**Q** 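The structure under discussion is supplied below as structure tokens; questions concerning it will follow.
Hydrogens, waters and symmetry mates play no part in the numbers below; they use all other heavy atoms, side chains included. The shown structure was predicted, so the numbers you read here are calculated from the model rather than taken from an experiment.
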Amino acid sequence: MRRTTLVFVRKGNEVLLAMKKRGFGAGHWNGAGGKQHDGETIEECAARECKEETCIRPKKLEPRGGVVFEFDGKAEWNQHCSIFTCSEWEGDPAETEEMAPAWFDVSELPFDHMWPDDPLWLPQVLQGKEIHMLVRFNSDKEMVSHKHISRAQADAVAAAYDVSSQVPTGELS
């Protein structure tokens with residue numbers, strides 16, 4: 001199971017989402033994020049991915065919990081994703097090779113073009129709440145089950161896959 005991140009940049013009542021143009025998740029609106037590199041903290045990963053995908057450099061990240069994603073028959077897709085919001089950044093959103101960012105009013109999120117689990121937890125994250133969930137998909141990326149779990153349960157799932165369960169602090173170096 002790999003460690004990943006998602007960052008949801010906030011501006012007033014809006015959130016920056018980006019249309020994934022290629023690779024895993026292509027065709028979905030999502031926050032900026034991606035895989036953690038060796039030797040990188042989860043916050044460094046979140047900031048790097050946000051900059052690479054949207055041209056925004058977070059100055060401060062607010063940890064909002066995480067989601068454990070399991071894919072039946074596709075163990076290489078399994079991930080423990082740390083979720084952050086960000087309201088302090090440098091730069092202007094710009095399209096990159098991987099993502100095309102756009103601002104959305106939080107009351108008008110494009111859930112029809114997002115991952116099917118997003119309506120279950122993203123509104124809570126955008127309200128400043130911490131979430132912990134376990135979401136299972138089949139190999140066709142269709143959601144088959146979901147449940148809210150505790151932080152300890154999320155850490156136990158990650159540990160079962162031998163994944164570092166470092167608790168995000170929001171601190172950037």
Side-chain angles (χ1 to χ4, degrees), residues 1-9 15-38 40 42 45-46 48-54 56 63-86 93 95-127 129-151 153-165 168:
M1 178 173 286
R2 60 186 170 194
R3 283 301 305 260
T4 61
T5 61
L6 282 172
V7 179
F8 295 93
V9 178
V15 61
L16 185 69
L17 299 177
M19 174 58 71
K20 181 80 165 162
K21 295 166 42 177
R22 66 179 189 194
F24 189 81
H28 291 89
W29 288 102
N30 210 343
K35 298 182 274 303
Q36 183 179 25
H37 293 169
D38 289 340
E40 183 177 56
I42 205 69
C45 170
R48 175 184 51 76
E49 290 283 351
C50 192
K51 175 77 169 134
E52 288 175 2
E53 294 182 345
T54 66
I56 285 179
R64 297 292 180 221
V67 180
V68 174
F69 296 105
E70 293 182 336
F71 291 83
D72 295 338
K74 296 283 189 178
E76 67 275 13
W77 292 353
N78 293 347
Q79 52 192 280
H80 183 213
C81 183
S82 294
I83 312 292
F84 298 90
T85 56
C86 172
E95 186 169 344
T96 63
E97 289 182 11
E98 193 165 349
M99 304 283 265
W103 293 102
F104 289 87
D105 187 285
V106 296
S107 66
E108 299 175 7
L109 297 176
F111 287 125
D112 289 346
H113 301 285
M114 296 175 77
W115 284 91
D117 60 293
D118 289 349
L120 302 173
W121 58 265
L122 184 55
Q124 295 170 315
V125 165
L126 297 177
Q127 292 170 6
K129 297 177 182 172
E130 185 172 301
I131 57 98
H132 296 280
M133 286 191 74
L134 173 61
V135 180
R136 289 188 55 228
F137 290 88
N138 64 23
S139 59
D140 293 324
K141 301 179 187 172
E142 298 166 331
M143 186 171 57
V144 295
S145 68
H146 60 86
K147 66 179 176 178
H148 288 274
I149 59 176
S150 69
R151 174 182 276 169
Q153 289 171 310
D155 290 344
V157 169
Y161 285 98
D162 195 31
V163 172
S164 167
S165 59

**Q** Just so I know, are the side chains of Leu6 and Asn30 near enough to count as touching, which here means a heavy-atom distance under 4.5 Å?
**A**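 They are in side-chain contact.
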**Q** I'd like to know if Glu130 and Arg151 make a salt bridge, using a cut-off of under 4.0 Å between side-chain N and carboxylate O.
**A**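 Salt bridge between Glu130 and Arg151, a charged N being under 4.0 Å from a carboxylate O: yes.
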**Q** Please test Cys86 against Val7 for side chain to side chain contact (heavy atoms under 4.5 Å, CB included), starting from the C-alpha separation and ending with a verdict.
**A** CA-CA 7 Å; Cys86 172; Val7 179; 4.0 Å; yes
**Q** Taking the six-membered ring of Trp77, is NZ or CZ of Lys141 closer than 6.0 Å to its centre and within 45° of its axis?
**A** yes
**Q** Going by an N to O cut-off under 4.0 Å, is there a salt bridge joining Arg48 and Glu40?
**A** yes
**Q** Can we call the ring centroids of Phe69 and Trp115 under 6.0 Å apart?
**A**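 For Phe69 and Trp115, the ring centres are not under 6.0 Å apart.
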**Q** Under the 3.5 angstrom rule, does the side chain of Asn138 hit a backbone N or O of Asp140 as a donor-acceptor pair?
**A** yes
**Q** Could you tell me the separation between the SG atom of Cys81 and the CE atom of Met1, rounded to the nearest 0.5 Å?
**A**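 Answer rounded to 0.5 Å: 11.0 Å.
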**Q** Given side chains that start at C-beta, do those of Leu126 and Leu109 come closer than 4.5 Å, heavy atoms only?
**A** yes
**Q** Just verifying a value: how many Å separate His28 NE2 and Asp112 CG, rounded to the nearest 0.5 Å?
**A**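 Output value for this atom pair is 11.0 Å.
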**Q** What I'd like to find out is whether the side chain of Met143 reaches to under 4.5 Å of the side chain of Val135, using heavy atoms alone.
**A** yes
**Q** Looking only at heavy atoms, what is the nearest atom pair of Ala18 and Met99, with distance?
**A** CB-CE, 3.4 Å
**Q** So that I can tick it off, tell me whether Glu49 and Lys35 are bridged by a salt bridge, with the cut-off set at under 4.0 angstrom between side-chain N and carboxylate O.
**A**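 The answer is no: the pair does not qualify as a salt bridge.
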**Q** Would you say Pro116 and Phe137 make side-chain contact, with heavy atoms under 4.5 Å?
**A** yes
**Q** Once rounded to the nearest 0.5 Å, what's the spacing between atom NE2 of His132 and atom NE2 of His80?
**A** 8.0 Å
**Q** If you round to the nearest 0.5 Å, how far is SG of Cys45 from CZ of Arg3?
**A**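 Between Arg3 CZ and Cys45 SG, I get 9.0 Å after rounding to 0.5 Å.
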**Q** So does Pro110 get a backbone contact from the side chain of His113, meaning a donor-acceptor N/O pair under 3.5 Å?
**A** no
**Q** Tell me if the CD atom of Glu76 is crowded by more than 12 foreign heavy atoms within 6.0 Å.
**A** yes
**Q** Which heavy atom in Phe111 sits nearest to a heavy atom in Pro123, and how many Å separate them?
**A** CZ-CG, 4.0 Å
**Q** side-chain hydrogen bond (donor to acceptor under 3.5 Å, both in side chains): which pairs involve residues 116-125, sequence neighbours left out?
**A**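 Qualifying pairs: Asp117-Trp121.
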**Q** Any side-chain heavy-atom pair from Thr54 and Leu16 closer than 4.5 angstrom?
**A** yes
**Q** Can you find a heavy atom in the side chain of Lys129 that is under 4.5 Å from one in the side chain of Arg64?
**A** no
**Q** Do you know which two heavy atoms are closest between Trp29 and Ala100, and how far apart they sit?
**A** CZ3-O, 3.4 Å
**Q** For Cys50 and Val9, work out which heavy atoms get closest and say how close.
**A** SG-CG2, 4.0 Å
**Q** What distance do Ile42 atom CD1 and Ser82 atom OG have between them, rounded to the nearest 0.5 Å?
**A**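 Reported to 0.5 Å precision, the distance equals 4.5 Å.
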**Q** Do Pro93 and Trp103 have side-chain heavy atoms sitting under 4.5 Å apart?
**A**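 SC-SC contact between Pro93 and Trp103 confirmed.
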**Q** Answer with yes or no after comparing the ring centroid distance for Phe24 and Phe71 against a 6.0 Å cut-off, counting only values under it.
**A** yes
**Q** Walk me through it: do Leu122 and Met114 pass the test side chain to side chain contact (heavy atoms under 4.5 Å, CB included)?
**A** CA-CA 11 Å; Leu122 184 55; Met114 296 175 77; 3.6 Å; yes
**Q** List the steps and the verdict of side chain to side chain contact (heavy atoms under 4.5 Å, CB included) for His146 and Met133.
**A** CA-CA 7 Å; His146 60 86; Met133 286 191 74; 3.9 Å; yes
**Q** Decide yes or no for Leu120 and His148: does some side-chain heavy atom of the first lie under 4.5 Å from some side-chain heavy atom of the second?
**A** no
**Q** Any side-chain donor paired with an acceptor under 3.5 Å for Thr4 and Gln79?
**A** yes
**Q** Tell me, with the steps shown, if Leu134 and Gln153 meet side chain to side chain contact (heavy atoms under 4.5 Å, CB included).
**A** CA-CA 9 Å; Leu134 173 61; Gln153 289 171 310; over 6 Å; no
**Q** Supply the atom-to-atom distance Arg136 CZ to Asn78 CG, rounded to the nearest 0.5 angstrom.
**A**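 So the gap between those two atoms works out to 10.0 Å.
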